[in-house]
Structure formats: structure tokens, C-alpha cells
2 protein chains.
Amino acid sequence: MSTSKEAYHHGELRPALLAAAEALLVAEGPAGLSLRAVARGAGVSHNAPYRHFASREALLAALAAEGFSRLAAALRAAPGLAGQGRAYLDFAAAHPALYRLMFGAELRAGSHPALKLAAGEAFSVLSGVAADRAGALAAWALVHGIAGLRADGHWPADVVLDSVLTRVT
Amino acid sequence: MSTSKEAYHHGELRPALLAAAEALLVAEGPAGLSLRAVARGAGVSHNAPYRHFASREALLAALAAEGFSRLAAALRAAPGLAGQGRAYLDFAAAHPALYRLMFGAELRAGSHPALKLAAGEAFSVLSGVAADRAGALAAWALVHGIAGLRADGHWPADVVLDSVLTRVT
DNA sequence: ACCTGAACACCGTTCAAGT
DNA sequence: ACCTGAACACCGTTCAAGT
């Protein structure tokens with residue numbers, strides 16, 4: 001076994017940077033997520049991240065892609081359309097900062113192929129349990145809309161989610 | 001009539017800053033929306049905006065609040081729930097950068113009372129045409145979800161919106 | 001290969017002045 | 001009142017070196 005510090009010289013810096021980035025994102029919000037702060041969090045110089053990410057935005061995109069992979073796994077573990085709807089909302093509620101990064105304005109999915117791929121993977125899991133295409137899109141838009149409104153503090157706390165989820169056919 | 005330059009000395013700087021900020025947001029995205037660039041756009045020193053906004057975030061919040069007011073006006077002009085749904089989606093599609101700022105991760109509505117108020121105003125217009133509270137929330141979440149997915153490029157271009165909008169009761 | 005320190009052009013914010 | 005220029009501590013990114 002090597003110490004974590006030595007590990008950076010053996011290819012472990014990339015995951016260490018992503019972990020530091022997520023910790024920063026949770027602790028200080030997206031504004032605190034500077035590349036230099038991420039490097040400090042991982043214990044390396046402000047310049048070391050460029051060995052693994054082409055830019056700050058590329059690191060953010062990688063973190064968001066990781067979020068989509070985790071969301072896809074959570075959806076796969078949930079049974080049925082209603083179950084996946086609840087799993088989707090649970091994920092967004094459990095990781096609000098990450099969820100906002102995944103869909104936020106600072107990342108254009110169009111310009112990050114790996115991100116778009118990871119997102120498509122999560123959505124295909126949702127589609128797999130819907131009756132038809134319009135139904136899958138409606139369900140996805142509904143849970144995504146609820147998750148977004150909740151994350152922004154626009155969603156009344158006393159609403160029973162199931163009473164809303166069942167309004168979509 | 002005074003020239004626009006002189007007008008800054010007579011209380012017109014605030015709207016001029018908001019207009020410059022929106023132009024920058026549209027032209028360069030949220031990353032290009034620096035306070036110093038906004039000041040340059042309005043033709044004043046990098047420091048002048050602090051006479052009207054406490055911080056960069058306060059200026060962003062004011063711009064987002066203006067967006068909610070415009071959205072509310074667009075909703076008021078549309079007849080019925082389906083009409084308002086379409087008006088909501090039209091607004092998001094016509095002003096994608098502004099829409100993303102309104103709901104984006106860089107602004108927490110909770111910490112900007114005026115922003116939360118403006119958002120609540122827009123939502124109350126939507127609620128006014130729904131049959132009940134769960135239906136209003138479902139409709140709002142659905143159009144908001146569709147708007148967000150479209151803005152992020154996750155929405156298939158060939159989907160007929162009405163076929164999805166009618167899935168919500 | 002992987003990491004570092006110095007450097008560049010920026011940024012938000014503060015402050016002491018100017019009119 | 002409203003605006004300015006200098007200053008501070010940051011930031012993303014690049015570059016020339018070090019091992």
C-alpha cells in the first residue's frame with residue numbers, strides 16, 4: 001500500500017480531484033468551486049489538475065457526468081415508473097448541489113460529449129419503464145421539474161409528492 | 001432630453017446596467033457576466049455599479065427578478081392552462097440564458113427576497129387557472145421540467161409539445 | 001509522466017478622493 | 001449624490017523547469 005500522497009504519482013490524482021471538487025461543491029456551492037481551491041483540497045499545486053482536465057469546465061463536466069452515472073444506478077435499482085420517479089426525486093434531494101451542477105447553466109451538455117452520453121444513459125433507464133415515448137418524456141419532465149423547483153426553494157414543503165406524480169398518465 | 005451619458009448622473013444608471021448585463025448574458029453566457037464587464041458595457045468605471053447593487057450577485061438577482069416579472073406578464077396574456085403552458089415554454093425558448101439564470105445554481109432564491117417575490121408572482125398566475133393545488137403544481141413542474149430539459153439540449157426536437165402537455169390532468 | 005513556481009491578464013470588493 | 005483610480009486578494013491558464 002502507498003500513502004495517498006504518493007498515490008498521486010501513480011495515477012490516483014484524477015479521482016482525488018473529483019472527490020475534492022464534490023466536497024467543495026457541497027460545502028461552498030458552485031461559486032467556491034475554483035480549480036485552485038480543488039487543487040488545494042487535493043494537496044497539489046494549483047497547476048497539477050491540468051494533467052487530468054483540460055480546463056475548469058472539463059473538471060465540472062466530469063463531475064456532472066459522474067453524477068449522471070450515479071443517478072442511472074439509483075434508477076436501475078428502483079422498480080416501476082412511480083418507483084423511479086421517487087428515486088429520481090430522492091437523488092436530487094440528497095445531492096442538491098450536484099444535481100444543480102448536472103443541469104445548471106454553467107455547463108452546456110452540447111459541448112461535452114461524455115456528459116451528454118452519461119445523461120442519455122440515465123434517461124434511457126427512465127424510458128425503459130414507461131408505456132410509450134410521450135409518456136416517458138412527460139414523466140421525466142415532471143420529476144425533473146419538481147426536483148428543480150424543490151432545489152430552488154419554490155416547492156411547498158407540505159405537498160405530498162405522490163399526489164402530484166399521479167397527475168401524469 | 002439629456003444624452004445617455006449625462007443620464008447616468010440623473011438616476012438612469014441602474015436600468016442601463018441591467019440592460020448591459022442582459023446583453024452580456026445573451027452574448028457570452030453566464031461566465032462572461034462579470035461586474036466589470038457590465039460596467040464597461042454601460043460605459044462607467046468598474047466601480048460605479050456598487051452605487052446601485054451591493055454585489056455582483058445582487059445585480060444577477062435583480063436581473064432574474066426582472067425575468068420573472070416579464071414571465072408573469074406573458075402568462076397573464078395567455079388564455080387557459082394549456083395556453084399558459086405554451087406561453088411558459090415560449091418564454092423559456094425565447095430567452096434561454098435569462099431563463100437559466102432565473103432558475104440556475106448561481107442564485108439561491110432563498111437569500112434574495114425580491115427574487116422570491118417575483119418568482120411567486122409568476123407562479124400565482126399559473127395557479128390561478130388550474131383546477132386545484134396539486135394540478136397547478138403538476139402543470140408548473142411539467143412545463144418547468146420541459147423548459148429545463150430543452151435548455152440543456154436533452155429534449156428531442158421532434159416531440160410535439162401538445163402531446164406531452166396533455167398527459168397531465 | 002507528473003508536478004512545481006513564476007507570470008499574465010483578469011476578477012470582486014474596498015477605500016480614499018474628486019466633482 | 002455619484003463617479004473615479006489605486007489597491008488587495010483572488011482566479012484560469014500558460015510556460016519553462018525540475019524529478
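Throughout, a chain's letter reflects where its sequence line sits, starting with A, and its residues are numbered from 1.
Interface residues of residues 17-24 of chain A facing DNA chain D, ordered by number: none; criterion, heavy-atom separation under 4.0 Å.
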In a table with atom names and distances, give each donor-acceptor pair under 3.5 Å that connects a side chain of residues 80-92 of chain B to protein atoms at least two apart or in another chain.
residue, atom, partner, partner atom, Å
B:Gln84, NE2, B:Leu75, O, 3.3
B:Arg86, NE, B:Asp162, OD1, 3.3
B:Tyr88, OH, B:Tyr99, OH, 3.1
B:Tyr88, OH, B:His144, ND1, 3.4

Only pairs under 3.5 Å count here: list side-chain donor-acceptor contacts from residues 58-67 of chain B, not counting sequence neighbours, and write none if there are none.
residue, atom, partner, partner atom, Å
B:Glu66, OE2, B:Arg70, NH2, 3.0

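Looking at A:His95 and A:Glu22, their side chains never bring a donor and an acceptor atom within 3.5 Å of each other.
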Secondary-structure notation, DNA chain D, from Watson-Crick and G-U pairs under 3.5 angstrom (| other strand):
||.|||||...|||||.||

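The side-chain heavy atoms of A:Leu98 and A:Val26, taken from C-beta on, include no pair separated by under 4.5 Å. Counting heavy atoms from C-beta outward, A:Glu121 and A:Lys116 have side chains that stay 4.5 Å or more apart. When side chains are defined from C-beta on, A:Leu137 counts as touching B:Pro156, because their heavy atoms get closer than 4.5 Å. For the pair B:Leu35 and B:His46, the minimum side-chain heavy-atom distance is 4.5 Å or more.
For B:Phe53, the ring-ring contact (aromatic ring centres under 6.0 Å, His included) criterion is met by no residue, not counting sequence neighbours.
No close placement of the B:Phe103 and A:Phe103 rings is indicated, their centers lying 6.0 Å or farther apart.
Side chain of B:Arg100 to main chain of A:Gly104: a donor-acceptor pair is present (N/O by atom type, distance under 3.5 Å, no hydrogens or angles).
If you take CZ of A:Arg14 and C1' of C:dC2, they are 16 Å apart, rounded to a whole angstrom.
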Scoring nucleotides 4-13 of chain C by protein non-hydrogen atoms under 4.0 Å (B base, S sugar-phosphate only, - none) yields BBBB---SBB

